[in-house]
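Worth knowing before you read on, the calculation uses all heavy atoms, side chains too, and leaves out hydrogens, waters and symmetry mates.
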Amino acid sequence: MTEQQEQRTVEAKFEITDFDESVYEKPSEGPKMTRVTIRKRYQGVIDGTGVAEVLTAQGEAGGGYVASERIEGTLDGRQGTFVIQHFGLADGDEQSSHGSIVPNSGTGGLAGISGQAMEREFQVLTLAYTL
């Protein structure tokens with residue numbers, strides 16, 4: 001890493017502005033399967049919007065999701081877009097989330113962004129990135 005490419009970790013708060021869920025599989029036993037489009041408004045360290053396509057498996061005691069989200073806005077004073085892919089699992093009260101910025105997905109002032117993304121708390125994206 002060069003000096004200009006120092007890793008930075010930020011917490012970006014967001015609110016969900018639209019949540020459109022459709023069930024595509026609901027077996028008599030086991031988790032239901034859904035497809036969800038989630039639209040977000042980021043304010044703070046990221047100022048902009050996000051749209052995520054999410055696939056879920058939702059059971060009584062556990063579940064999981066996989067998502068691709070495109071974020072458009074300003075990060076570190078730089079305007080552009082980037083895409084994150086993340087997944088999460090829930091086993092009772094235990095939850096985990098992991099993800100990455102898609103390589104070479106940054107545009108504009110965010111071209112070259114790389115790193116990790118996760119949601120460790122409700123409606124907060126933790127982003128550990130290099131730009």
Side-chain angles (χ1 to χ4, degrees):
M1 263 190 255
T2 69
E3 195 171 316
Q4 297 167 336
Q5 293 182 319
E6 190 172 311
Q7 185 173 27
R8 182 160 186 233
T9 300
V10 297
E11 291 187 346
K13 294 182 180 181
F14 63 87
E15 67 175 308
I16 295 172
T17 59
D18 189 48
F19 187 92
D20 183 20
E21 179 182 59
S22 62
V23 177
Y24 67 89
E25 179 84 20
K26 190 169 185 179
S28 59
E29 292 186 83
K32 74 176 179 178
M33 310 290 282
T34 69
R35 181 175 290 111
V36 186
T37 300
I38 301 173
R39 296 188 184 280
K40 302 175 180 178
R41 173 71 176 112
Y42 287 90
Q43 293 180 306
V45 69
I46 295 176
D47 185 23
T49 59
V51 61
E53 286 296 322
V54 185
L55 297 176
T56 74
Q58 301 174 26
E60 288 182 32
Y65 76 90
V66 294
S68 290
E69 178 178 359
R70 181 175 183 266
I71 296 173
E72 179 175 4
T74 303
L75 170 65
D76 257 353
R78 297 178 183 200
Q79 181 77 29
T81 67
F82 61 97
V83 176
I84 59 175
Q85 289 190 327
H86 51 107
F87 70 93
L89 297 172
D91 185 0
D93 290 337
E94 280 189 45
Q95 296 184 19
S96 64
S97 169
H98 305 280
S100 297
I101 297 172
V102 173
N104 301 307
S105 67
T107 67
L110 299 175
I113 191 170
S114 63
Q116 304 299 308
M118 63 231 60
E119 289 184 34
R120 293 183 177 151
E121 62 181 278
F122 184 65
Q123 294 190 349
V124 177
L125 174 69
T126 299
L127 197 61
Y129 70 95
T130 303
L131 185 58

What about V66 and V102, same hydrophobic cluster or not, with Ile/Leu/Val/Met/Phe/Trp/Tyr joined at side-chain heavy-atom distances under 4.5 Å?
no

Kindly compute the distance separating CG (L55) from OG1 (T34), expressed to the nearest 0.5 Å.
7.5 Å

Among residues two or more places apart or on two chains, list those pairs meeting ring-ring contact (aromatic ring centres under 6.0 Å, His included) that have a residue in residues 88-131.
F87-H98

Exercise answer: donor-acceptor pairs, residues 38-49 side-chain atoms, under 3.5 Å, sequence neighbours excluded:
unit_1	atom_1	unit_2	atom_2	d
K40	NZ	E69	OE1	3.0
K40	NZ	E119	OE2	3.4
R41	NH1	D47	OD1	3.1
R41	NH1	G48	O	2.8
R41	NH2	D47	OD1	3.0
Y42	OH	E69	OE2	2.7

Output for pair (L131 CG, L75 CG), nearest 0.5 Å, gives 6.5 Å

List the atom of L127, the atom of A117, and the distance in Å for their closest heavy-atom pair.
CD1-CB, 3.8 Å

Apply side chain to side chain donor-acceptor pair (under 3.5 Å) to the pair Q85 and S68, showing each step before the final yes or no.
CA-CA 4 Å; Q85 289 190 327; S68 290; 3.0 Å; yes

Can I84 be reached from V124 by stepping across I, L, V, M, F, W or Y side chains whose heavy atoms are under 4.5 Å apart?
no

The reported gap from CD in Q7 to OG1 in T130 (rounded to nearest 0.5 angstrom) is 5.0 Å

Identify the heavy atoms of V54 and A67 that sit nearest to each other, and give their distance.
CG2-CB, 3.8 Å

Should the heavy atoms of other residues, nucleotides or ligands under 6.0 Å from CG of D91 be counted, would the total exceed 12?
no

Looking at every heavy atom in both P31 and G59, which two are closest together, and how far apart are they?
CB-N, 3.6 Å

Does CD in E60 sit with more than 12 non-hydrogen atoms of other residues, nucleotides or ligands closer than 6.0 Å?
no

Gap between atom CD1 of I113 and atom CZ of F82 - 0.5 Å precision:
4.5 Å

Could you measure the distance from the CD atom of Q79 to the CG atom of L110? Nearest 0.5 Å is fine.
7.5 Å

Grouping I, L, V, M, F, W and Y whenever their side-chain heavy atoms are under 4.5 Å apart, do M118 and V10 come out in a common cluster?
no

Test V51 against T37 for side-chain contact (heavy atoms from CB on, under 4.5 Å), laying out the working first.
CA-CA 7 Å; V51 61; T37 300; 4.1 Å; yes

Value for NZ (K26) from CE (M33), rounded to nearest 0.5 Å, stands at 14.0 Å

On a heavy-atom basis, the closest approach of Q95 and A90 is CG-CB, 4.0 Å

Are V36 and Y65 in one and the same hydrophobic cluster, where Ile, Leu, Val, Met, Phe, Trp and Tyr link if side-chain heavy atoms are under 4.5 Å apart?
yes

